Amino acid sequence: MSKHASRLVAGVDVGGTNIEVGLVDADHTVVDRAKAHTPTDGPDAVLDTIADLVGSLDDRPVAVGVGIPGVVHRGDVLTVPNLANWTSTVEIGAELGDRLDLPIALGNDANVGLLGEHLAGAARGVDDVLGVWMGTGIGGALVLGGHLYGGTRGAAGEIGHVVVQERGALCGCGRRGCVEAYAGRRQMEVTATALQAAGRETRLFAIRDEVGKPSVTSKVWKKALDENDPVAVELFATALDALGVALGSTLNVLDVGLVVIGGGLAEKLGQDLADRVATATAPWVLQSDPDRRFVVSELGDDAGIVGAASLARDGLD
Ligand SMILES: [Zn+2]
């Protein structure tokens, strides 16, 4: 056991909407937490907010791990497509290390989320796992042979950008036909807006206003689906169809025994979502495996915090 094993580390989950920070012990338990809206005015404000949140925790951690919604390769953040006004390349590790005077470890947000589930949640003890994070975008991650698999450039597991429709809908990544263009919340809202403008009746935007959200969040989707709103039902079915095609093809390549569905939609819809994803996937799988399981994340928002914290702890050993 390393000399740091009993010390607390901090895990940071940088999302498109919120930044969540937790103080995590050696058993992967979150013992204190803090959260703030993600600033939209660029990297400096994001880094300041992370530093403030870490500083507000009950105890000073010995290291900080950060999950970033971008491609992270050997500690460098290559691209951050889902954060507003993040246009320049920023050495997040060095900049945050200067602000906090602590060692910093970086990882991709979907990767640290699955790492958290693998250490302390729905994927505990399972060696081969695919994680699918359904939120603003569609994130993905892989654990293979018991270890997080990042690939040659840190970009492995990006199920959201598996193309399911040649020359299909425009994706946030700039290409066409990606799963995320059909199943990411941001794109689904764009499509719903267009359908409403074309005369289709939907309560999605009225519900959004009723619950006081700035956008069509997972909570809004849940309410609209519960009401059988026709546009919500149709877009959700399209989303699941697209995800099923991508997942089936991915399982044909990787043959993992467990798929963990996480993110905001999984939290709101629960195991029913995982069951529907399994049903949408089945027609595209070459070798169906009766033992293959589709489950929702157990740790919810804490998955990213726990996984990011473990990166920080690993960096100390
Ligand atoms: Zn894409």
Side-chain angles (χ1 to χ4, degrees), residues 13-17 38 40 67-73 76-89 106-114 130-142 148-195 215-218 221 234-254 256 259-266 273 276-277 280-281 284 304:
D13 185 5
V14 180
T17 311
T38 308
T40 53
I68 293 279
V71 175
V72 178
H73 179 59
D76 291 329
V77 178
L78 301 182
T79 54
V80 188
N82 283 329
L83 289 183
N85 291 309
W86 195 299
T87 48
S88 54
T89 302
L106 294 176
N108 166 268
D109 59 348
N111 284 355
V112 298
L114 183 59
L130 175 64
V132 182
W133 265 227
M134 299 182 72
T136 314
I138 301 292
L142 284 165
L148 200 59
Y149 179 77
T152 304
R153 293 278 292 164
E158 290 285 359
I159 185 117
H161 301 284
V162 169
V163 173
V164 293
Q165 179 77 58
E166 197 183 1
R167 289 183 279 278
L170 187 63
C171 181
C173 74
R175 301 182 307 145
R176 285 186 176 276
C178 299
V179 173
E180 188 171 297
Y182 302 96
R185 256 189 3 233
R186 181 179 294 149
Q187 294 306 120
M188 289 167 78
E189 182 169 350
V190 169
T191 308
T193 304
L195 288 175
S215 63
V216 179
T217 60
S218 297
W221 278 105
E234 181 182 310
L235 290 182
F236 200 66
T238 303
L240 289 176
D241 284 349
L243 187 56
V245 171
L247 268 173
S249 301
T250 303
L251 292 174
N252 289 341
V253 176
L254 295 173
V256 300
V259 178
V260 177
I261 313 286
L265 275 173
L273 176 64
R276 291 189 61 179
V277 171
T281 303
W284 313 106

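One is the number of the first residue; the rest follow in order along the sequence. Keep in mind the model is a prediction, meaning the values are calculated, not measured. Just follow the structure's listing: the first ligand is 1, and inside any ligand the first atom is 1.
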> Where do R185 and T217 land on the side chain to side chain donor-acceptor pair (under 3.5 Å) test, with the steps shown first?
Replying inline: CA-CA 7 Å; R185 256 189 3 233; T217 60; over 6 Å; no

> So what's near the Zn ion (ligand 1), protein N, O or S atoms under 2.8 Å?
Replying inline: H161 ND1, C171 SG, C173 SG, C178 SG

>> For a quick test of reading the model, state the closest non-hydrogen atom pair linking G244 to W284 and the distance between them.
In response: O-CD1, 3.5 Å

>> Looking at every heavy atom in both I138 and E180, which two are closest together, and how far apart are they?
In response: N-OE1, 3.0 Å

> Residues in side-chain hydrogen bond (donor to acceptor under 3.5 Å, both in side chains) with S249, at least two apart?
Replying inline: none

Under 3.5 Å, which donor-acceptor pairs do the side chains of residues 165-176 form with other protein atoms, sequence neighbours left out?
{"residue": "R175", "atom": "NH2", "partner": "H161", "partner atom": "O", "Å": "2.8"}
{"residue": "R176", "atom": "NH1", "partner": "G168", "partner atom": "O", "Å": "3.1"}

> A192: what forms a side-chain contact (heavy atoms from CB on, under 4.5 Å) with it, not counting sequence neighbours?
Replying inline: L204, F205, V231, L235

